[in-house]
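Since the structure comes first, as structure tokens, the remarks are kept for the end.
As the structure is a computational prediction, the values presented were derived from the model and not from experiment.
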Amino acid sequence: MAKLFEFHFNPKANQDRILQTFSFSPKSPAEQQWGSIHVIVELQGALPSSKKFLADLAQFLKKEYYESALISKRKHPAPESSLKAALRKANAFLALEVKNGNVQWVGNLNAAVLVLCSQNGSTSAYFTKTGAMRLWIARGGSFSDVAKQLESSSPDPSKVFGTIGAGKLAEGDRFLVLTKDLHDSLKKQGVWSALAAIEDEKKFRNAFKGQEKNLKGLLFSVFMESQFQEGERRFVHMPLPALSRLPIPQIPTLSVKFPPFPSLPFLRPSVSFPKTALLLGALLLILLGGFFFFQKGNRDLQEARGFETHAQVLIRQAALAFQEGKEEQAGILLQEAWEIVKANAKPENPLESSFLALRAELREQLSEIYGLRVISDPVRLFDFSIEAGAAPSRLLAYGDRLVGYNPAQASFLMLNISTRTVEKVQADRNLSVGTAGEDALLFFAKPNVLLSFQDGVWRERTISLPFTGFEPVAMNMFYDSLYMLSGDGRIFRYPAGSASSLVWIQPSSDPSAVPGAETFAVDGNIWVAKENFLVRFYRGVAREQFAVSVFPAVSTIPVLRTAESLPHLYLLNPEENRLLVLTKFGEVEGQYQSPVFDDLLDAAISSDGKKAYLLNGTSVYMLEL
């Protein structure tokens, strides 16, 4: 259940600014399945007539949204399509306003449009924005900026609203829409980060007490009531992107005819003509052999046609499922069809050419659905092989530099990205595993030493191991705490300045969720990758788990990267020569694949999330994300 909150802080601080929210709920049973629509606006330099203009715009959006939904021929609601149609007409509405001389709002309008639609026990959010309005989702103690790259880049004032974002809201989530000045003030006063950790709506309402006089702006919040109990485990299937251009194939009608058994004369051996009898016997064997050979060939053909028909049926079912709004089911059906086709596209198959054509068609469709981008010639930034004796197998992003190191060496290489020059830094111990903080590099060295490198100076301290023989397979910093992943899948936390660790996965979380994990990342939540699953922990408790369901399929995830400042999860998949980018709500954002990536070892992400650096063999490649 969603609760809505609206806060106006000093709305009259600027007399020429209008802050207003328009919320519309469905009025008829036919409108119920399309949910509610909310228009949050800020207008600078407002005139006396501006209030009517904003009200007219909001009413127009509401009218067009529900009308577009009601005239849709889909049996199931398609809020995103209806919202797109409403926004196109709203752009035309605004273009007419400009033509009629109402240009005061151009460059001064900051707005967000949000649709909340509940279906089958879950709530989906569809949203867009224009101007400087801020859109965030708080989940599990951290914020995600969901407004990035939504706003249209077109200079044409008639194209005010552009791209639409979408996602499912889970229990305990908060969807926040707020003005830029309020967002900046909350961050400056230290309130913003605290808001992400508040899970109780009463505490959320009271979080601003004592700050009202120092704040200006508008905050609209959707608070999803939580039924979630501490220690409870949630399993969430990752929604698939909408399928597009999916044809419904015609299924051929099979007509199976078996050849008649050959009619042979009754044979009797003749004492007088033994040679004739032998010839007739040989002829009989040849005929029988030919018959059974023909029968085998016919069975192979019929079997191949059966597999082909099965794949065609799955593709047709996927298309029908998509038309009914069942995107996840459609994706599963297409994946099944792909496996059948891939297994039969072989030279010994009598229908090889048909399966090859079907495989090419499915590959194109699935690649588009799952955002697979093939890069034939990626940018090679640097080759570590020029440094004698240096063979880094791990990579860290450290400010505007990259750090390559090898657990078998007592040194690392510092690469300046802008100048593409490298510096070798010597240490006294082998650097088993490392992580990068804001202002220092931190490495674990056997048996129980932490090495920090800051401003050109090495420092070391001894720590107590969680158990005898402990050696971390991965480390991450979050603020002043250090987190370590053990080989058996346990996570330990070393608080700031402490030499002793805490077991950070609580027993109620069922530690069996992560044995075998090779990698993890921290952004306020702890994300652990195991096989093709991601498990999200918050405050030491497993909160959700979902399979990474993409094309091509994932079987292992050796590298996982994210941070509080990064909007996505970044997964390295060497088996398919690619980097996967997922939202923190489990949706596929994109895939970057290249035949050049034939020896992927590690990945590092820039602090703004716009670039990825991949260590492939001894070379570092750069991707624009």
Side-chain angles (χ1 to χ4, degrees), residues 1-11 19-23 35-42 83 110-118 123-151 161 163-209 211-212 214-226 228 523-525 538 564-568 583-585 587:
M1 179 180 175
K3 286 190 175 181
L4 308 181
F5 298 93
E6 185 176 349
F7 299 86
H8 288 254
F9 298 98
N10 296 306
L19 301 171
Q20 200 161 359
T21 298
F22 303 89
S23 294
S36 58
I37 182 170
H38 309 269
V39 184
I40 303 97
V41 295
E42 174 193 31
L83 182 58
N110 304 307
V113 182
L114 170 66
V115 168
L116 299 173
C117 182
S118 296
T123 299
S124 296
Y126 304 90
F127 48 89
T128 188
K129 72 125 187 176
T130 187
M133 198 68 75
R134 299 292 191 254
L135 279 68
W136 294 82
I137 288 183
R139 172 180 286 181
S142 64
F143 276 117
S144 292
D145 185 353
V146 297
K148 286 189 176 181
Q149 300 179 350
L150 282 183
E151 190 173 1
F161 297 106
T163 308
I164 291 175
K168 289 188 182 296
L169 297 181
E171 295 168 353
D173 287 353
R174 277 86 70 214
F175 192 109
L176 307 183
V177 181
L178 67 166
T179 54
K180 180 180 182 300
D181 57 347
L182 178 59
H183 173 259
D184 293 346
S185 296
L186 291 173
K187 292 193 73 173
K188 183 178 180 180
Q189 297 178 27
V191 180
W192 180 248
S193 58
L195 290 179
I198 297 176
E199 296 184 345
D200 180 81
E201 64 268 26
K202 291 182 180 179
K203 292 181 180 179
F204 184 79
R205 288 198 301 267
N206 295 330
F208 308 103
K209 285 189 175 180
Q211 300 285 343
E212 294 91 335
N214 302 321
L215 301 174
K216 293 187 296 182
L218 167 64
L219 168 62
F220 178 84
S221 173
V222 180
F223 202 108
M224 301 300 296
E225 280 195 320
S226 177
F228 194 70
D523 63 356
N525 299 285
Y538 180 60
E564 185 181 31
S565 62
L566 295 176
H568 299 113
T583 71
K584 293 182 180 180
F585 303 102
E587 297 169 338

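- Side-chain contact between Lys180 and Asn110 is absent, with no heavy atoms from C-beta onward closer than 4.5 Å.
- The closest side-chain heavy-atom distance from Leu4 to Leu116 is below 4.5 Å.
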Task: Stepwise side chain to side chain contact (heavy atoms under 4.5 Å, CB included) test for Leu83 and Val113 - done: CA-CA 9 Å; Leu83 182 58; Val113 182; 4.0 Å; yes
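- Pairing each heavy atom of Ser124 with each of Lys168, the nearest pair is OG-NZ, 3.6 Å.
- The two atoms that bring Ala111 and Val41 nearest to each other are CB-CG1, 3.8 Å, heavy atoms only.
- To the nearest 0.5 Å, the span separating CG on Leu178 from CG on Leu218 amounts to 8.0 Å.
- We find that Lys584 and Asp523 are joined by a salt bridge, their nearest charged nitrogen and carboxylate oxygen being less than 4.0 Å apart.
- Without hydrogens or angle criteria, Arg174 side chain to Ala196 main chain gives a donor-acceptor distance under 3.5 Å.
- One distance of note links OG of Ser144 with CD1 of Ile137; it measures 7.0 Å at 0.5 Å rounding.
- Here the closest heavy-atom approach between residue Ala166 and residue Glu587 is recorded as O-OE1, 3.2 Å.
- Among all heavy-atom pairs drawn from Thr123 and Met224, the shortest one is OG1-CE, 3.5 Å.
- With values rounded to the nearest 0.5 angstrom, Phe7 atom CZ is found 9.5 Å from Leu176 atom CG.
- Of the options Phe220, Phe5, Tyr126, Phe127, a ring pair (Phe, Tyr, Trp, His ring centres under 6.0 Å) to Phe175 is made by Phe127 and by none of the others.
- For Ser36 and His38, the side-chain atoms include at least one donor-acceptor pair closer than 3.5 Å.
- From Glu6, atom CD reaches atom OG of Ser221 across 11.0 Å, with rounding to the nearest 0.5 Å.
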- [ ] Starting from the C-alpha separation in whole Å, work towards a yes-or-no answer on side-chain hydrogen bond (donor to acceptor under 3.5 Å, both in side chains) for Thr179 and Glu42.
- [x] CA-CA 7 Å; Thr179 54; Glu42 174 193 31; 5.0 Å; no
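- Classified by interplanar angle (parallel below 30°, tilted 30° to 60°, perpendicular above 60°), the ring pair Trp136/Phe143 is perpendicular.
- Atoms NE2 and CG, on His183 and Asp145 in that order, are 7.5 Å from each other to the nearest 0.5 Å.
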Task: side chain to side chain contact (heavy atoms under 4.5 Å, CB included) between Leu219 and Val177, intermediate numbers included - done: CA-CA 6 Å; Leu219 168 62; Val177 181; over 6 Å; no
TODO: Assess whether salt bridge (Lys or Arg N to Asp or Glu O under 4.0 Å) is satisfied between Asp181 and Lys216, documenting all intermediate values.
DONE: CA-CA 7 Å; Asp181 57 347; Lys216 293 187 296 182; 5.5 Å; no
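- Leu215 is listed as a side-chain neighbour of Leu182, based on a closest heavy-atom distance under 4.5 Å.
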TODO: Might you work through the side-chain hydrogen bond (donor to acceptor under 3.5 Å, both in side chains) test for His568 and Thr583, ending with a clear yes or no?
DONE: CA-CA 5 Å; His568 299 113; Thr583 71; over 6 Å; no
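- Rounding to the nearest 0.5 angstrom, the gap separating the CZ atom in Arg139 from the OH atom in Tyr538 is 13.0 Å.
- At distances below 3.5 Å, not a single donor-acceptor pair connects side-chain atoms of Lys129 with backbone N or O atoms of Leu114.
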